[in-house]
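Worksheet for the structure shown next.
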2 protein chains.
Amino acid sequence: MDIDMIEISKALSNKTRLNILKWLKDPEGNFPPQGGCLSEPVDLKGGVCVSSIQAKANLSPSTVSNYLDTLQRAGLLLSERHGKWTYYRRNEEAIMALAEFVKEEL
Amino acid sequence: MDIDMIEISKALSNKTRLNILKWLKDPEGNFPPQGGCLSEPVDLKGGVCVSSIQAKANLSPSTVSNYLDTLQRAGLLLSERHGKWTYYRRNEEAIMALAEFVKEEL
DNA sequence: TTTACATATTGAAAATTCCCGAAATGTGTG
DNA sequence: CACACATTTCGGGAATTTTCAATATGTAAA
């Protein structure tokens, strides 16, 4: 598991994408309750569906979907699909690894 | 002193700019001795002149000058002019602050 | 299976970044 | 002052990124 600093930096160089990361630090505080429409109860691990993030970001669904993909390809987000919904959450391990990289290697 | 994460991320999202930061971690190891042409001896604090960096980066002087400016505007480099030369060095404080920001706030 | 909805992908116009050569600026020297 | 040299700034073509609407795909329900 190595750090692609360019990919990560590009992912972080946009206000909305930074906001998404920030919002996902406190999903309960920043988004409506998730998973209510699922047939079976699942542990979403703080994951939030695309439409909730889209509503908060106030951008088109395709843009937000792209942003989430960008953050995921950079390794900063994880996603899990349940039914119709894709739930995105922070990859805390990757974020810690990034902090460590900046501190020791940058 | 607050962190402009977008400015910093943009500065870091380029291979050469990342290399410059890395090279400046070990100026003696990566560049020829600096300051030899100065009339008076000065403590360069590990600073390296633009032409030495340009030679190593293998890009045009104007591009390298631009890159250094980008890194400085992001706060990651410091510069000091002595005679005809501008010596750039890492801003370790800012880099530590960035690591801390990623760890605690991102 | 038809429908409805959540999300992802595609295609394109606008904005930004990359990188250079040319020109300008700063600085010491003859 | 005139010159050489280090660096910066400017102008622009090529490449990339941004963002959307339109379209496609996946999934559950009727």
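Convention: sequence-line order gives letters A, B, ...; per-chain numbering from 1.
Scanning residues 23-33 of chain B for heavy-atom distances under 4.0 Å to DNA chain D yields an empty list. For DNA chain D, the neighbouring residues in residues 73-88 of chain B, judged by any heavy atom under 4.0 Å, are B/Lys84, B/Trp85, B/Thr86, B/Tyr88.
Rounded to an integer number of Å, the gap from A/Leu59 CG to C/dT7 P is 16 Å. Rounded to whole angstrom, the span from the CG atom of A/Leu12 across to the P atom of D/dT18 amounts to 12 Å. If you measure from atom NZ of B/Lys15 to atom C1' of C/dT17, you get 18 Å, rounded to the nearest angstrom. Between the CD1 atom of B/Ile53 and the C1' atom of D/dT8 there is a distance of 14 Å, given to the nearest Å. Spacing between atom CG of B/Asn66 and atom C1' of C/dC18 amounts to 10 Å, rounded to whole angstrom units. Here the P atom of nucleotide D/dA29 and the CD atom of A/Glu40 are 11 Å apart, to the nearest Å.
A tilted orientation is assigned to the rings of B/Tyr87 and B/His82, their planes being inclined by 30° to 60°.
Side-chain contact between A/Leu12 and B/Val102: absent, with no pair of heavy atoms (C-beta onward) separated by less than 4.5 Å.
Counting distance only, with no hydrogens placed and no angle test, the side-chain atoms of B/Ser62 and the base atoms of C/dG21 include a donor-acceptor pair under 3.5 Å.
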What are the atom names and distances for every N/O pair under 3.5 Å that joins the protein to nucleotides 15-17 of chain D?
from: D/dT17; atom 1: OP1; to: A/Lys10; atom 2: NZ; distance (Å): 2.9

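With sequence neighbours excluded, the residues that form a side-chain hydrogen bond (donor to acceptor under 3.5 Å, both in side chains) with A/Ser62 are A/Ser60. When the side-chain hydrogen bond (donor to acceptor under 3.5 Å, both in side chains) test is applied to B/Asp69, the partners found at least two apart in sequence or on another chain are B/Arg73. Checked against side-chain hydrogen bond (donor to acceptor under 3.5 Å, both in side chains), B/Gln72 has the following partners two or more places apart in sequence or in another chain: B/Ser79.
Between B/Asn14 and C/dC18 there is a side-chain polar atom (N or O) within less than 4.0 angstrom of OP1 or OP2.
Taking for each of B/Asp69 and A/Val64 the nucleotide of DNA chain D with the nearest heavy atom, the 5'-most of the two is the partner of B/Asp69. Residues A/Thr63 and B/Leu68 each lie close to DNA chain D; by heavy-atom proximity, the contact nearer the 5' end of the strand is made by B/Leu68.
Residue A/Ser65 has its side chain nearest to C/dT9 when only C/dT9, C/dG21, D/dT7 are considered.
Across all strands, B/Ser51 comes closer than 4.0 Å only to sugar-phosphate atoms, never to a base (heavy-atom distances).
In A/Lys25, the NZ atom is crowded: over 12 heavy atoms of neighbouring residues, nucleotides or ligands sit closer than 6.0 Å.
For the atom pair CD of B/Glu100 and CD1 of B/Ile3, the computed distance is 9.5 Å after rounding to the nearest 0.5 Å. Considering CG of A/Leu21 and CD of B/Glu105, their distance stands at 13.0 Å, rounded to 0.5 Å.
Across every non-hydrogen atom of A/Ala57 and A/Thr16, the tightest pair is CB-CG2, 4.0 Å. Minimum interatomic distance between A/Ile53 and A/Trp23 (heavy atoms only, all atoms of both residues): O-CZ3, 4.4 Å.
Side-chain N or O atoms of A/Ser52 include none that pairs as donor or acceptor with a backbone N or O of A/Val48 at under 3.5 Å.
For the pairing with A/Leu76, the side chain to side chain contact (heavy atoms under 4.5 Å, CB included) check across A/Thr70, A/Leu24, A/Asn91, A/Ile8 returns one residue only, A/Ile8.
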